[in-house]
Structures are given as C-alpha cells and as structure tokens.
There are 2 protein chains.
Amino acid sequence: MSTNTVRELLDGEYAEIRDRVRWWLSQPGNEPVIDLPLEEHRAKVLAWMQELTTEGDTGRGFPAEYGGQDNVGGSVASFGALAFGDLSLLVKCGVQFGLFAGAILHLGTERHHARYLRAATSLELPGCFAMTETGHGSNVQALDTTATFDVDADEFVIHTPHEEARKDYIGNAARDGRMAVVFAQLVCRQGIPRRGGEPGADKGVHAFLVPLRDEHGDTLPGIRIEDCGPKLGLDGVDNGRIWFDHVRVPRENLLDRYASVAPDGTYTSPIENPTKRFFTMLGTLIQGRVSVSGASISATKVALTIAIRRGLRRRQFGLPDEEEALLLDYRTHQRRLLIPLATTYALSFAQDRLIAELDAVFSSDAEDRQRRELETLAAGVKAVATWHATETIQACREACGGAGYLKASRFAALKADTDVFTTFEGDNTVLLQLAAKNLLTEYKDTLGGDPLAIAQIALGMLAERLKLPGRDEGGDLLARKTQLELFRWRHEHVLGGVARRLKKGIAEDPFGALVDCQDHLLLAAHSWVDLVVLEAFAAVADRDPVLDRLCSLYALSRIEAERGWYQEHGKLTGARSKTVIKTVNALLAEIRPHAGELVDAFGVPESCLEREAHAHPVAAS
Amino acid sequence: MSTNTVRELLDGEYAEIRDRVRWWLSQPGNEPVIDLPLEEHRAKVLAWMQELTTEGDTGRGFPAEYGGQDNVGGSVASFGALAFGDLSLLVKCGVQFGLFAGAILHLGTERHHARYLRAATSLELPGCFAMTETGHGSNVQALDTTATFDVDADEFVIHTPHEEARKDYIGNAARDGRMAVVFAQLVCRQGIPRRGGEPGADKGVHAFLVPLRDEHGDTLPGIRIEDCGPKLGLDGVDNGRIWFDHVRVPRENLLDRYASVAPDGTYTSPIENPTKRFFTMLGTLIQGRVSVSGASISATKVALTIAIRRGLRRRQFGLPDEEEALLLDYRTHQRRLLIPLATTYALSFAQDRLIAELDAVFSSDAEDRQRRELETLAAGVKAVATWHATETIQACREACGGAGYLKASRFAALKADTDVFTTFEGDNTVLLQLAAKNLLTEYKDTLGGDPLAIAQIALGMLAERLKLPGRDEGGDLLARKTQLELFRWRHEHVLGGVARRLKKGIAEDPFGALVDCQDHLLLAAHSWVDLVVLEAFAAVADRDPVLDRLCSLYALSRIEAERGWYQEHGKLTGARSKTVIKTVNALLAEIRPHAGELVDAFGVPESCLEREAHAHPVAAS
C-alpha cells in the first residue's frame, strides 16, 4: 500500500490544519501529561490553552468579524487532531471555545457577539457551560434552575430552588470560569416553576450569561461554587458545582436569538412551540457532539498505534527451537487489534463526512430537514465512535499486558480520559434513541403517512425476505455491492419493523410501548450508523488495494457480529454465515503485513505515544 | 424472594469467614481509599496488612504447624470478600501471602517451611514473587534469568543476563520486599543458557529464595531495584523491577520440592520430563488464579450494587405530566445491568465450586487428572470472570452517568484496579488456550485415541445436528434441562470440531494449524466454562423462585449472545432464536422488581459503596 495515499485520504481537505496540530503536539513540553499532581496539571492545561489562543487556533470556527476564520469544519478537524495529545487540554478547550463561546455565538445576538466573542475565544474571559444539574443530565428540558424576570428591576433572577437543581460537573467552574452560560427555566411575570405551573407562566429552558467571579477570581455575591472533587480522569479540567441564590443579571443577559423578553415582561419567540424552540437551541450546539466523536476516534488511533507496533515487536511462544512468534501473527491478536483498526478507519472517514455536513449547515441557511439529518448523523456517530473508543482502548491495553498497565504506556490516561465520552455531550443510549426518532420521522415523511405505501413496503420486505437467502448466496462477500446491500437491507428491515410495532403499541400504552421497543429503536439507529459508516469508507476504499481489503474487513466483521440477526431474518443461511467468519479470518491474514503502515498513516505524533520506561527512584522503606 | 435464603446460598459454607471480612471492612478507617497520594496509599495498605496478620486472617490457608488453620478454601473465600474493599490491599495480600508464602509452602520443603513460613504469613518477612520478566510474561518457561550452580562455593549465582531479563511489575519490590522467590533457569555444571544450550546443561526454570534488602530496607549487594513508576491503578501496591548481578545464595535456597541439586552438582527430580516438571510446579501455585477470579466477582458485585441502587432511585424522562420514570424501568437499563447481575450470580456459584475443588485437591493427595481438572476450571473461570468484571464495571459506570465519573462513586478505583486482572495470574487469552488444551487431552483420553470412537462421536453429532432443530422447537426454553442441553451440545460440538481440525492440520504445519484453530480453541474453552457455570447455578436455583428466573436469564442471555452460532449449526431456527430474545426481555421484566433485593443479598458493606458527594474547597484561581 501507499502510506502517503492513505494518509492523504485520512487527513482529507483539512490536512494542513491537522498537520499544524501535530506540529504543535510535537514541540517539547506539549506532549501529554503522564503523571502530574492535579493542580499542576490544571495549571499546565490553562497555560497550553493560552498558548493556543495566541496562535489563533481557537477562534478558527468563529466569524471573521470577531477575529475568527469562518471555518467551522477546520475548527472541528483541528480539535479532533488535538485529541492525539492530552485529553484534558482537549476537553477544557471544548468547554471554553466550543460550549461557552459557541453558546454565545449561536444563542446570542449581535450585542452579545460584539461584547463577548473576542474575549471568549482569546481566553480573556474564561467561561462555563452550565446546563447539567445533579437531578437532570439527559432530560435537560426538565432542568429546575429558574430565571424569573423582575419587571421593576429589568433583571432576571437566577436561582437554584433545591439541592438537585445545582449545576453539576461543570467544566471550568472549579477554578477558572469568570462567567457562565446558565440554562434555566424562564419565568415571566409570575414566579411559578415548571411542573404544575399555570399555562403560559413557564417559557421553558433558556440560556443566560451569568458572571461567576470577579477579576481576582473571587466568586460574586449569591454564587456558591464547589470543586466536584477527584475524578476518574481528565484531571486537568476543573469541574465544579454551582448554586445560585437569587443572582440578578440585566435583561440583556438573556441570549436572545430564539426568544426575547421585552421590558414589560412580554415574551416573544419566532418559534411558537416551546419544545421545538428548545431543541432548535440545542441543535445549534451540535458542534460539541461532533467534536467528541472526532476526539474519540483520534484517541483510538493513539491506542491502536501503540498496541499494533508492540504486536509487531513483541514475541511470545511459538515452536520449539525456533524464534518465538510475533504477537500479531496470532489470530487472536489480529482479531482484537485489526478488526478495531478497520472500524477506526471506517469511523474516521464517516467523521469527515459528518464534519463536511456540519460545515455545510453552519455555512448557509440550512433547511430544517438538513439540520435534522445532521443531528441524526452526529448523534449516531458520536454514540458508536465513543463506545468503539472505550472498547478498543481496553483491548489495546490488554494486548500490551503488564506493560500496558504502566502510566508510561499512555493507556491509563487514554482509558480514564475518554471514559466519560460515552456520557457527556449526550449519553449514548439517549443519543441513539434520538437518532432513531429522527429516522422514524424521516420514514414517516417519506411515506407521507400513507397506509397503503407502508403496507407495500412491508410486503416488499416480506417478499424480499422469503426470496433473498437464495439470491444472496450468489453474491461475492468481498464485493462492496453485496456488503452495502446487506447493511442497507438490515437497516430498512429494522426501521420498518420498529415503525410498525410503535404505531401499534403507542396508542394503547405509550410508555409500555416505548420500553418494549427500546432495544429495537437502538438497533434501528445503530444499523443506520453502520450503513452510513460503510458508505463513507466505500467512497474512498477503491483508492488503494489495502484500503479495499480493510473496508471489506470492516463490513464483514460487522456482519459477523450481527450474524445472529441475519440468520433470524433469513438473510444469511447457516453455511453463508460460516463463510463470513472464514472470510474475516482470511482478510485478517491479508491485512496483517500492512498493519504497521496502516497505523503509520494515522500520523500520531511520536510525542503522544508511550514513553520509555525510565528509572524511578525507589522510596525508602 | 427471600434475601436471607439467597444470601445464605451465596455465602455458602464460608458464611462466617466472609462475614468476618465484611465486619473488618465496616470498621472506621478500613473503607477503600478514594483519593490518596501514592506513598500515603502504600503506607496505609501496609498498615492494614499488618493489622490483618495480627488477627490471624492471613495464615488461614497454611498448615497448622506453622500457625495456620489448614483451611485453603476458607482462605480463598476470605480473600474474595476482601475484594469488596480496597483492591490494593487485596493485591498486596495476594503477593505476600498467596504468591510469596504460597511458593515457599508449595515449592519448598520442610526446612524452608520451618524457617520462613511464620515470618512470611506474619509479614515479618515481606516478600516478592519474581517470575515475570520484561521479555517474558506469558511464556514463563522461556525466562532468561539464570541460576548457575557453583560447586566450589556450594552456591547458586542468580543473574540477569540482559535488559529484557530483568524482573518486571513485581509486587512488593519497589518498597517493602526483603526477599524474593526468584524464578530462573537452573544451570548445573556448565554456564550455558537455555536457548542453544547443550542437552542436559539446562534444567529449566526453578524457584530460589533470594534476599533483596537488609533489615533497614537497603538493597543488598548485586541487587538493583527500581520502582515501576505510576500505574493505571493499584496505587497502594509497590511494583518494581529487579536486576541481579551475580548474586550468590546458598544451595539450600533452591525451593527443592520438585528438584534438588546435590553438593557435587548432580541434579535430581522425581519428575523426569522438564516441561511436566515445570508445569507441575506452576500448578501448585493455582491458588492465586482462583483468588483473582473470586476478587473480580466481588468487585463486580460492588459495581452492580452501586449502579442498580442508583437505577432504583434516579428518574429521567417519562410521560408528560407524570413523574419521571425510574432508570431501571427502561429496558436498555435492565439489559445493561440485570443481565450482568444474572451472570455475576452464576459466576459466584461457579467460583464456590472452584474453591471446593481447590480445597479438595490441596487437602489430599490428588491425582493428576483431578489436578488437571482444577487447572482447567481455574483457568477458564478466571478468564471469564475477569473479563466479565471489566465489562460490567464499565457498564455500571456508564449507567451512573456523570456521577459515576467522580472518584467518590468508586468506579474510578474499581475500573483501574481490576483492569490488570485480565492480565496477571495468566493473560486471559493464554489461559483459555490452556483450558482448551486440557479439554482436548481429556477428550482424547476419553476416546482412548480410538479412531472408530471418534468417528462415531462425529457421526452422532452430525445426526443430532440434522435432527435436532425440529426437536429443540419442542423444548421449553425456561426448562433447565433445555438450557443445559443447549449449552452441553454447543460445547461438545465445538470441542469435537476443533479436535478434528487440529488433528488434520497439526502434522503438516503445526504453527499454521494452531493459528488457524486459535479462535476455535478459545470457543471450546469458553463454551465449556459457560456450561460449568450454568451447572453451578442450576444446582442451587431451585431454592428460590427468583433465583430460578435469574438462572434462566443467565442461560438465555448466553444463548442469545451465541445465537449466531446456534443457528449456523442448525440447533436453533430463526424463529426459535427470536423467541430467545423475547424470553430474555420477559425475564428482565420479571427480575426487575427483585433487583434491589438481589444486590442486597451480595452483602457488600456500605463502607465499600459510593461516598456522599461532599464539599471540596475551591482552589484559588
């Protein structure tokens, strides 16, 4: 294979930006932290951030008029590459530039932009994104913090009504944040909270700019902040809890792109439906989710590079009187590393497709439908990519044995820091349900709710199902067409099935039907993500023969994993299913000689790989 | 259900010993460490150990004549319960009492016992188990450290011939160890190392007692020790590296139960075959492996208790205008927690069966076959239980969202500390191959190598396969008999298949055949462990109706996971396979109301669960 060609395909149109980040990470002192006391780690991360802002890297996605480069895609690509390095730096940058500055950009209007954007992207104004509460992390429409408008004072009163309503796990809060974008239930005229409130009294969740600390770093009156305490990972990020005790902010601190409150307390919004309004607001913040999936893919690349290179160096067992065999010559080792390698390539190409869609949506006035498609893709890829990272990093650690257990191997940080990726920016299980909901909406839209059309599709699926096993026997498993057809067939079948089940059940017992279909919904979303990911890989795989094989390995390993389903639905016979397994094994053997080049092509900076195991002084007993 | 009945079944004959450990863990100051600087953690663990020794808990498995209680089973049961608490304490105890003292007991003879056992079990003599080298962790028969007999001095010369031969990851080495059991290639008369050595010159790996530090804790001449540096977890254990530079020890420091060297350098051993000799020695150290699987099951119980209780408390989403729904009322949450709960119960019962076998073997002169069966069971259960721990603890962390990411939740330590369980005491992949090898030996023994008998079995399997799908349709999936038959059929089929494949391939290309059958070997071992685990659960499941359902949930969730295989082999039809999934879902709903009681029955001390999220001072900015 040509490592250069593959590297070019992986880096795509953002090659230059990604190389710049690689260069930065390769500078002495910028390598990821291996073992630093918490406060030193926090200080180092802050210093790194400051360095990055002076070089203009952190405002890239913002409008040129506020010092940015109007390059949303480049910004996310750069963020993804930064994830080769210290993930605390990544997450803290995500909080400051993605969430805090991003909320000001997307939820605020010109006066907010003019006043705050430069300060936020230059880190003059360190900020927080205070959405999650102890009581509500996933169901954020049900947050309990209130923002009550006081007509006489022309101010909002931000308040934490009870302990579960405190803001929790808020990045940048424990140490550095001076201001927060606070999400709270907007109460106009009457101070009646959300649940059981009078109709019209409660306007739903809105975002407010709330100063937290003065220029000396002292918390302001009415604000209480606590450090969340030691975490599983991401030591360099200062997560905290925030309580508000009737904190007053001027009326203009409402980020009012989607709703405003007049001096007399009149509430207006271009979006009438409160739920639609809230999710439109959330939708503008999607960049965070896209960034997390990109970061998880980069972290996975680091882990695979370390483990595969070790597998090509380390020998153990073998035949008597011969040199011991390389670990990567064992099939079990190939299975645990090369299948994730193929999946990581596939996700990497899918991620770039996602970045392209994100860039397109935010560079134009996109239609609702295009936004929904982006939301679906972002939710699905984020869930699949972050779970893939958790699993793969674990497999890589185990593949490196005891050496992988030393912090010098990098796995400690990779594991601990990425662990929360499956949770933040949306819990994966919740995200897959969101993706499924969107796919169902699309499905309904496509059919126009016409029962005849639905019946026809169902009949078509049935016919296909009765007929196909025989037909499929003829298809070459290595042909992209066969693979795509298997993925597509599965997704359509699952989606159609869950649509019918939900339609039937939801009228009688909505919650029962949802619970009963929940797995099926996850499957519908996951099968769709699988398809999109394969399509993304397929679009480039013909550029190099090794990539072509790797793409087949991705496709067939997914089919192998789902072969129970394929057989249940008559799409694969038992014999054909066994052939899938054999073909995966054959592909592993074909990929094996290229494993080293395939990880080289990721271009993970050497500074981000494992450290030399060096001498440590022995403590006195 | 009756929580008491279930608790009694879980604790079994070692209820009193397990309760004693629970009591100890519940004493103020004995709760697991949440966040302590490394050296303080190490000191605390050492102090805990000293406390445990004075109370006689650490010598339980040793002969009464050396202060023990001759209670091997009780010792392992006690160790398992200790894993509810701080896992650094557990592992350091494992090194000192299980590995170091255990090696003296099992590999040494009376003079070693008389001189060292009391000192080792009372911690007067802190010791190490120096087997693993940087270059060899799994293939320990190929260690490179040498022990050359010097006839004139009547001494062994222990030496590290090259960098890869340094002892690595050795617990107790960096700080506390005064002596080590060192595994080295015994060279008699001629100083020729293992590979390429003349026949007879190299006697293979043997164990030697080598002093490391004097009574002030200073390392002795010729010994170099380094701290391994920060690890992913187990901060309270002082792992180190050891180099030997021609270190001399008296001839009697050879642990000579299985081989001795006369003053004239003559080597004698009751076991002629060097490979058999080595594996006999290793076999006596099996208690460590059994202890690790027990510990991993306890750690899993802690994680499940935390996550399931939270799932019964925490609400999120639900129907409009109603109270939000409990997390554990969602099927996705049930799937991620209740299936592992069922598996944990199953493994817990299997572990007690393993302890009983261990106790039986070490309380009598067991036959080779009984020892091999124990070895197979220990290897298989260790691999399955430790992987189960890694997966389940991860699932529990995710099920607790952001709260699970705080160290106070306990998941940080549970994840990090158990991570290496899949590696130490035998890499899981290697262990499953060991188990498979033993199963194949047994299979061959049973058939007596008779080709006709083999052919008959093969034909029987084929006939069964052609006939069974229809027959199986009639079996009640909830009947234990049906479940056991499905498990047994699978194991026999897989084992027979791999035996045939290996037989065919190994003559032509031994390494190629092994690699080609490697997955199949793992499957043969894993399917056997599944069967044994189900049998262990089935033996007690009829004592309580909820346990009965839980046992079915274990059985059917395993069949669900392997339904691709069952369909490929004509054992389940597609329709039947779908019924398995539906039955699992129905069982989840049945178990759900008992989830709280089922974790209560684990009896995890409250002190070992999550801590209150309490105030942390905010650092000055």
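Lettering of chains follows the sequences in order, A, B, ..., and the numbering in each one begins at 1. Worth knowing before you read on, the calculation uses all heavy atoms, side chains too, and leaves out hydrogens, waters and symmetry mates.
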Chain B contact via [X] - side chain, backbone, both or neither, heavy atoms under 4.5 Å:
| X | value |
| --- | --- |
| Thr134(A) | backbone |
| Ile581(A) | side chain |
| Tyr169(A) | side chain |
| Asp238(A) | neither |

| field | Close side-chain approach of Arg315(B) to Asn139(A), heavy-atom, < 4.5 Å | value |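 When only atoms from C-beta onward are counted, Asn139(A) and Arg315(B) do not touch, as no gap falls below 4.5 Å.
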| request: Answer yes or no: is there a side-chain heavy-atom contact under 4.5 Å between Thr332(A) and Asp519(B)? | output: yes
Ignoring hydrogens and angles, state whether a donor on the side chain of [X] or [Y] is under 3.5 Å from an acceptor on the partner side chain.
| X | Y | result |
| --- | --- | --- |
| Gln316(A) | Ser138(B) | no |
| Gln394(A) | Asp419(B) | yes |
| Asn428(B) | Glu398(A) | no |

| task | Report the option among Gly137(B), Pro37(B), Gly233(B) that has the most heavy-atom pairs separated by less than 4.5 Å from atoms of chain A. | result | Gly233(B)
| task | Using a cut-off of under 4.5 Å on heavy-atom pairs, state which of Thr423(B), Val420(B), Val515(B) scores highest against chain A. | result |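 So the answer, after comparing Thr423(B), Val420(B), Val515(B), is Val420(B).
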| Reported CG-to-CG distance for the pair Leu414(B) and Leu232(A), which is rounded to 0.5 angstrom | 10.0 Å
| query | Going from CD on Gln518(B) to NE2 on His333(A), what distance comes out if it is rounded to the nearest 0.5 angstrom? | reply |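 If we round to the nearest 0.5 Å, Gln518(B):CD and His333(A):NE2 are 10.5 Å apart.
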| At a heavy-atom separation under 4.5 Å, does Asp516(B) approach chain A through its side chain, its backbone, both, or neither? |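 Contact with chain A involves both backbone and side-chain atoms of Asp516(B).
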| task | Please look at Leu522(B) and chain A and tell me whether the side chain, the backbone, both or neither of the residue comes under 4.5 angstrom of a heavy atom of that chain. | result |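 Only the side chain of Leu522(B) comes within 4.5 Å of chain A.
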| task | Report the C-alpha distance between Arg336(A) and Asp427(B) in whole Å, list the side-chain angles of each, state the deciding distance to 0.1 Å, and finish with yes or no for salt bridge (charged side-chain N to carboxylate O under 4.0 Å, His left out). | result | CA-CA 14 Å; Arg336(A) 52 180 178 176; Asp427(B) 173 87; 3.7 Å; yes
Top residue by heavy-atom pair count (under 4.5 Å) with chain B, among [options]?
| options | result |
| --- | --- |
| Gln433(A), Gln334(A), Arg335(A), Glu562(A) | Arg335(A) |
| Leu234(A), Thr219(A), Thr132(A) | Leu234(A) |
| Leu521(A), Thr390(A), Leu46(A) | Thr390(A) |
| Pro510(A), Gly318(A), Gly135(A), Ala416(A) | Gly135(A) |
| Ala561(A), Gly240(A), Ala403(A) | Ala403(A) |

| query | When the aromatic ring centroids of Phe511(B) and Tyr330(A) are compared, is their separation below 6.0 Å? | reply |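 Close enough - the centres of the two rings lie under 6.0 Å apart.
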| query | Do any N or O atoms from the side chain of Tyr405(A) and from the backbone of Lys231(B) form a donor-acceptor pair under 3.5 angstrom? | reply |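 The answer is no, because no donor-acceptor pair under 3.5 Å joins these two groups.
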| Hey, which of Arg576(B), Lys578(B), Lys582(B), Arg563(B) is the one that makes salt bridge (Lys or Arg N to Asp or Glu O under 4.0 Å) with Glu568(A)? |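 Only match with Glu568(A) under salt bridge (Lys or Arg N to Asp or Glu O under 4.0 Å): Arg563(B).
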